[in-house]
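Take a look at the structure set out below.
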There are 2 protein chains.
Amino acid sequence: MIAGMSTPPIRALIFDVFGTLVDWHGSIAREVGALLGNRVPDPAPFAVDWRAQYQPAMEAVRSGVLPFCKLDLLHRHNLDRVLADRGLHDVDEATRVQLNLAWHRLDAWPDVPPGLMRLRERFRIAPCSNGNISLMVDLARRNGLCWDAILGAELARDYKPQPVVYRSSCAAFDCDPAEVLMVAAHSSDLAAAAACGLRTAHIARPDEHGTGIGERAADVPVDWQARDLLDLAQQLGC
Amino acid sequence: MIAGMSTPPIRALIFDVFGTLVDWHGSIAREVGALLGNRVPDPAPFAVDWRAQYQPAMEAVRSGVLPFCKLDLLHRHNLDRVLADRGLHDVDEATRVQLNLAWHRLDAWPDVPPGLMRLRERFRIAPCSNGNISLMVDLARRNGLCWDAILGAELARDYKPQPVVYRSSCAAFDCDPAEVLMVAAHSSDLAAAAACGLRTAHIARPDEHGTGIGERAADVPVDWQARDLLDLAQQLGC
């Protein structure tokens with residue numbers, strides 16, 4: 001930092017959710033196993049394949065090919081494709097609906113409930129996720145999280161990393177971007193937030209995509225690098 | 001109800017806030033007294049006059065004359081007008097900023113924190129207010145309320161009683177309007193919600209605009225009439 005310049009104090013923290021706060025890989029594999037049983041003998045690759053459709057589906061919205069729709073709808077479209085790719089054409093509608101709601105039943109990493117509770121004492125906190133509001137509500141209830149508000153894609157009506165998603169989250173909290181800390185386990189998310197003027201914290205989630213497959217540290221410049229949310233809370237003096 | 005017809009179970013409750021959950025009249029009078037002192041010897045009429053500008057200001061947005069802006073901005077415009085009407089032209093900018101934030105420091109009616117806690121056990125709950133997200137966040141923190149999400153005007157980018165505000169709140173919770181109960185102390189708000197297909201509960205707030213000046217009961221058909229939120233919780237079996 002250049003001598004004489006100062007940054008404003010942080011007033012709010014906004015969080016990526018899938019991978020950063022919740023273990024989508026383990027949770028989706030569990031749900032696929034429970035709902036499809038021996039029709040999908042190895043549910044972990046199914047989870048990875050389903051998640052792999054995530055960015056291309058959102059890109060259709062970001063590029064303007066599709067109007068904005070909730071992530072639940074994109075997840076469903078992607079599910080139908082992954083089932084078809086495996087020849088599982090006869091999975092019935094009720095099962096597909098239940099499977100799609102698996103994204104509402106993801107488990108938080110163990111540090112997340114106590115970490116958010118500590119961070120909430122000092123800062124306004126909200127998810128800034130591509131997940132829709134009802135999905136965030138269900139994850140919060142399942143994992144005992146208490147948000148100040150649900151911000152992110154549905155409020156902005158576009159998907160990260162579009163700048164409007166970060167900017168509208170800051171604006172909803174009446175904050176300048178420099179007063180807001182974006183917390184994520186993904187360097188690309190943090191780079192996009194930093195380009196909008198937000199401050200950034202990377203959380204290591206080395207097992208996000210399965211054991212040993214996840215970002216151990218940011219590969220872009222960040223303001224904080226933390227092992228988990230409890231470590232971040234300590235670094236921020238909470 | 002016609003025999004054989006059935007209504008779906010209620011899954012979510014959305015709430016009007018100013019007057020229904022918080023005592024704007026008493027709280028604004030207190031803040032005006034504290035910040036303007038003997039320049040406004042009787043702060044209660046000041047509160048009433050400020051609030052009287054509320055509907056006309058929103059009407060400019062609803063009618064399309066003004067683009068959507070946060071209620072904080074309308075409140076500020078209205079404050080400047082009320083100060084000017086009283087010849088208080090020399091109230092400085094810092095005081096005006098503090099005064100405008102009085103709307104973020106309103107006190108809940110005593111039944112509201114325990115009532116919402118009970119209702120939250122059975123239902124998703126959110127404010128559906130014309131107040132902006134940051135205002136709702138500050139009221140929730142001040143009064144110990146735990147919302148599932150902040151819905152209402154800022155999400156819809158229009159003001160009640162425009163149908164989009166009620167409908168977008170239901171949609172955010174993945175609910176049909178008939179699965180959502182709108183809770184308010186104002187018959188006009190409930191009539192607008194009912195016209196969108198929501199179910200309705202009226203809360204008596206006989207002192208909203210000062211002692212004895214408030215709706216004791218709905219003057220339109222409603223599904224529930226309650227003395228307060230604890231009474232509503234009991235009627236709903238919580």
Side-chain angles (χ1 to χ4, degrees), chain A residues 11-14 17 68-73 75-76 97 100-101 103-104 116-117 119-129 131-157 164 168-176 179-180, chain B residues 11-14 17 68-73 75-76 97 100-101 103-104 116-117 119-129 131-157 164 168-176 179-180:
Chain A
R11 295 171 55 211
L13 271 57
I14 60 176
V17 173
F68 180 78
C69 64
K70 293 186 189 191
L71 187 63
D72 276 343
L73 199 63
H75 274 155
R76 173 57 195 269
V97 168
N100 207 46
L101 286 171
W103 293 94
H104 293 231
L116 283 181
M117 200 174 299
L119 292 163
R120 190 178 193 279
E121 288 170 26
R122 278 260 310 270
F123 305 105
R124 290 179 177 184
I125 61 170
C128 179
S129 167
N132 38 282
I133 291 172
S134 63
L135 196 168
M136 293 295 120
V137 167
D138 285 343
L139 294 184
R141 287 208 168 223
R142 178 179 184 89
N143 294 290
L145 317 179
C146 186
W147 297 116
D148 285 302
I150 309 289
L151 308 176
E154 190 171 346
L155 179 68
R157 303 195 70 73
V164 67
S168 67
S169 294
C170 299
F173 272 157
D174 295 338
C175 287
D176 290 327
E179 297 174 312
V180 178
Chain B
R11 295 172 53 211
L13 271 56
I14 60 175
V17 173
F68 180 78
C69 64
K70 292 186 189 192
L71 187 63
D72 276 344
L73 199 64
H75 273 155
R76 173 56 194 270
V97 168
N100 206 48
L101 286 171
W103 292 94
H104 292 231
L116 283 181
M117 200 174 300
L119 291 164
R120 190 176 193 279
E121 288 170 27
R122 277 260 312 268
F123 306 106
R124 290 180 177 185
I125 61 170
C128 180
S129 167
N132 39 282
I133 291 171
S134 63
L135 196 167
M136 293 295 120
V137 167
D138 285 344
L139 294 184
R141 286 209 169 223
R142 179 181 183 88
N143 294 290
L145 316 179
C146 187
W147 296 116
D148 285 302
I150 309 289
L151 308 176
E154 191 170 346
L155 179 68
R157 302 195 71 75
V164 68
S168 67
S169 293
C170 300
F173 273 156
D174 295 338
C175 288
D176 290 327
E179 297 175 311
V180 178

In terms of heavy-atom pairs under 4.5 Å with chain A, which of B/D72, B/D138, B/L135 leads?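 Highest number of heavy-atom pairs under 4.5 Å: B/D138.
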Counting heavy-atom pairs under 4.5 Å with chain A, which one of B/E154, B/R124, B/R141 comes out on top?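 Looking at each of B/E154, B/R124, B/R141 in turn, B/R141 comes out on top.
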What part of B/A149 is in contact with chain A, defined as an atom under 4.5 angstrom from a non-hydrogen atom: side chain, backbone, both or neither?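 Contact with chain A: backbone and side chain both.
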Qualifying residues under side-chain hydrogen bond (donor to acceptor under 3.5 Å, both in side chains), relative to A/R142, sequence neighbours excluded: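 side-chain hydrogen bond (donor to acceptor under 3.5 Å, both in side chains) list for A/R142, sorted by chain: A/D107.
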For A/A140, is it the side chain, the backbone, both or neither that has a heavy atom under 4.5 Å from a heavy atom of chain B?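 For A/A140, there is no contact with chain B at all, as no heavy atom is under 4.5 Å.
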Counting distance only, does the side-chain N/O of A/N100 pair as donor-acceptor with the main-chain N or O of A/R76 below 3.5 Å?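 Between the backbone of A/R76 and the side chain of A/N100 there is a qualifying donor-acceptor contact (under 3.5 Å).
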Examine distances only and state if a side-chain atom of A/D148 and a backbone atom of A/I125 form a donor-acceptor pair shorter than 3.5 Å.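 Here the side-chain-to-backbone pair exists.
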For A/W147, which residues count as a ring pair (Phe, Tyr, Trp, His ring centres under 6.0 Å) partner, sequence neighbours excluded?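 Ring pair (Phe, Tyr, Trp, His ring centres under 6.0 Å) check on A/W147 returns A/F15.
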